[in-house]
K.L.:
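Here it is: the structure, laid out below.
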Amino acid sequence: MLREIRPAILILLLLTLITGLAYPLAITEIAGVLLPYQAQGSLIERDGKVVGSALIGQEFKQDKYFHGRLSATTAPDPADSSKTVPAPYNAANSGAANLGPTSKALADRLKEDVDKLKAENPGASVPVDLVTTSASGLDPDISPEGALFQVPRVAKARGMAEDKVRQLVTENTAGRLVGLFGEPRVNVLALNLALDAAVRN
């Protein structure tokens, strides 16, 4: 019996070393050489300091900044670890709200958010991505329509011309991947950094 088990154990150990250690280390090294920016987490720096990642959204609450998609991520409640509290863009706990279309809590939250945004920009229809969460809760991007909807608020808060702010949105809009895949999108952190830079210049 030991004669039959020994080859199976050896193959298990060999494959564990190859697929669990050697392969991940080799791919990590190759990625670090060929794609260093992506391999290090697509980090964005300003004045030599890391301010975020192009892959993970951040919460911007001030009127002078563009706001991203809502985030449904949570974290353990510091007062009671058996409960959770909202923790927007918590990269350690990616996930959606899990509320279905018949949920009263979801309907109430959507109505409140839509009403608030309509008051902010009464003449425009509210883009859906400004009132819904993404599946990950970490989405760093919004649609160009979502960014353009916010232009009047941002321009007013900064004392800038709306045309200048619209131009920044256009300059920071990424198209479809190779012209085919995905949708046009605006990275909110990159747009807000460009906005800060435009004000400083």
Side-chain angles (χ1 to χ4, degrees), residues 12-62 64-76 86-97 127 129-130 132-151 154 158 160 164-201:
L12 173 66
L13 290 174
L14 181 63
L15 287 175
T16 300
L17 287 172
I18 292 170
T19 61
L21 190 63
Y23 178 76
L25 287 175
I27 292 300
T28 301
E29 286 299 316
I30 291 168
V33 171
L34 297 179
L35 304 164
Y37 172 72
Q38 291 87 343
Q40 296 300 318
S42 301
L43 300 177
I44 296 176
E45 292 184 8
R46 180 171 69 180
D47 302 326
K49 182 180 175 190
V50 174
V51 293
S53 168
L55 304 175
I56 298 174
Q58 292 185 28
E59 187 172 32
F60 292 95
K61 290 186 173 183
Q62 295 174 301
K64 67 178 186 173
Y65 287 114
F66 285 88
H67 302 162
R69 289 190 76 169
L70 299 174
S71 176
T73 58
T74 60
Y89 304 103
N90 176 11
N93 189 19
S94 170
D129 59 317
L130 293 184
T132 57
T133 61
S134 65
S136 70
L138 306 175
D139 198 342
D141 303 321
I142 56 175
S143 66
E145 296 78 21
L148 291 170
F149 178 88
Q150 300 178 64
V151 164
V154 173
R158 295 220 178 220
M160 292 175 69
K164 176 65 176 165
V165 179
R166 262 191 217 91
Q167 180 185 348
L168 285 171
V169 170
T170 303
E171 290 170 0
N172 285 277
T173 298
R176 298 172 190 266
L177 183 64
V178 296
L180 297 172
F181 304 106
E183 294 295 325
R185 65 208 173 281
V186 179
N187 184 286
V188 177
L189 176 58
L191 175 59
N192 284 332
L193 290 174
L195 189 61
D196 283 345
V199 170
R200 284 187 297 187
N201 293 339

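This one's a predicted model, so the numbers in the text were calculated from it and none came from an experiment. For this chain, numbers begin at 1 and follow the sequence in order.
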K.L.:
Can you see which heavy atom on R185 is nearest to which on G175, and at what distance?
P.N.:
NH1-O, 2.8 Å

K.L.:
Sequence neighbours excluded, which residues qualify as side-chain hydrogen bond (donor to acceptor under 3.5 Å, both in side chains) partners of S53?
P.N.:
none

K.L.:
Should L168 and L191 count as side-chain neighbours, where that means a heavy-atom distance under 4.5 Å?
P.N.:
yes

K.L.:
Using modelled atom types only, decide if a donor and an acceptor are shared between the side chain of N90 and the backbone of T73 within a distance under 3.5 Å.
P.N.:
no

K.L.:
Just checking Q40: does its CD atom have more than 12 heavy atoms from other residues, nucleotides or ligands closer to it than 6.0 angstrom?
P.N.:
no

K.L.:
So which heavy atom on A190 is nearest to which on N187, and how close?
P.N.:
N-OD1, 3.0 Å

K.L.:
N192 side chain to F66 main-chain N or O, any donor-acceptor pair under 3.5 Å?
P.N.:
yes

K.L.:
If you round to the nearest 0.5 Å, how far is CG of L193 from CD1 of I44?
P.N.:
6.5 Å

K.L.:
Who pairs with T173 by side-chain hydrogen bond (donor to acceptor under 3.5 Å, both in side chains), at least two apart in sequence or on another chain?
P.N.:
none

K.L.:
Does a side-chain heavy-atom distance below 4.5 Å link L195 with M160?
P.N.:
yes

K.L.:
Would you compute the distance between atom CG of L189 and atom CG of D141 and round it to the nearest 0.5 angstrom?
P.N.:
10.5 Å

K.L.:
Looking at Q150 and H67, would you say the former's side chain and the latter's main chain have a donor-acceptor pair under 3.5 Å?
P.N.:
yes

K.L.:
Report the distance from atom CG of L12 to atom CG of L15, rounding to the nearest 0.5 Å.
P.N.:
7.5 Å

K.L.:
Please identify each residue that fulfils ring-ring contact (aromatic ring centres under 6.0 Å, His included) with Y65, with sequence neighbours left out.
P.N.:
F60

K.L.:
Can I get a per-line list of side-chain donor-acceptor pairs under 3.5 Å for residues 23-38, giving both atom names and the distance, sequence neighbours left out?
P.N.:
residue, atom, partner, partner atom, Å
T28, OG1, P24, O, 2.7
Y37, OH, S42, O, 3.4

K.L.:
Kindly write out the residues that satisfy side-chain contact (heavy atoms from CB on, under 4.5 Å) with R166, not counting sequence neighbours, or none if the list is empty.
P.N.:
L148, V151, E162, D163

K.L.:
Excluding sequence neighbours, so at least two apart, what forms side-chain contact (heavy atoms from CB on, under 4.5 Å) with D129?
P.N.:
R69, P127, I142, S143

K.L.:
Considering non-hydrogen atoms only, spot the tightest contact between G137 and S71 and give its length.
P.N.:
O-OG, 2.6 Å

K.L.:
Are K64 and D196 side-chain neighbours, meaning at least one heavy-atom pair lies under 4.5 Å?
P.N.:
no

K.L.:
Show the nearest heavy-atom pair for residues V169 and A147, with the distance to one decimal.
P.N.:
CG1-CB, 3.7 Å

K.L.:
Quick one: does any side-chain atom of Q58 pair with a main-chain N or O of V51 as donor and acceptor, under 3.5 Å?
P.N.:
yes

K.L.:
With a 4.5 Å limit on heavy-atom distance, are the side chains of P184 and R176 in contact?
P.N.:
yes

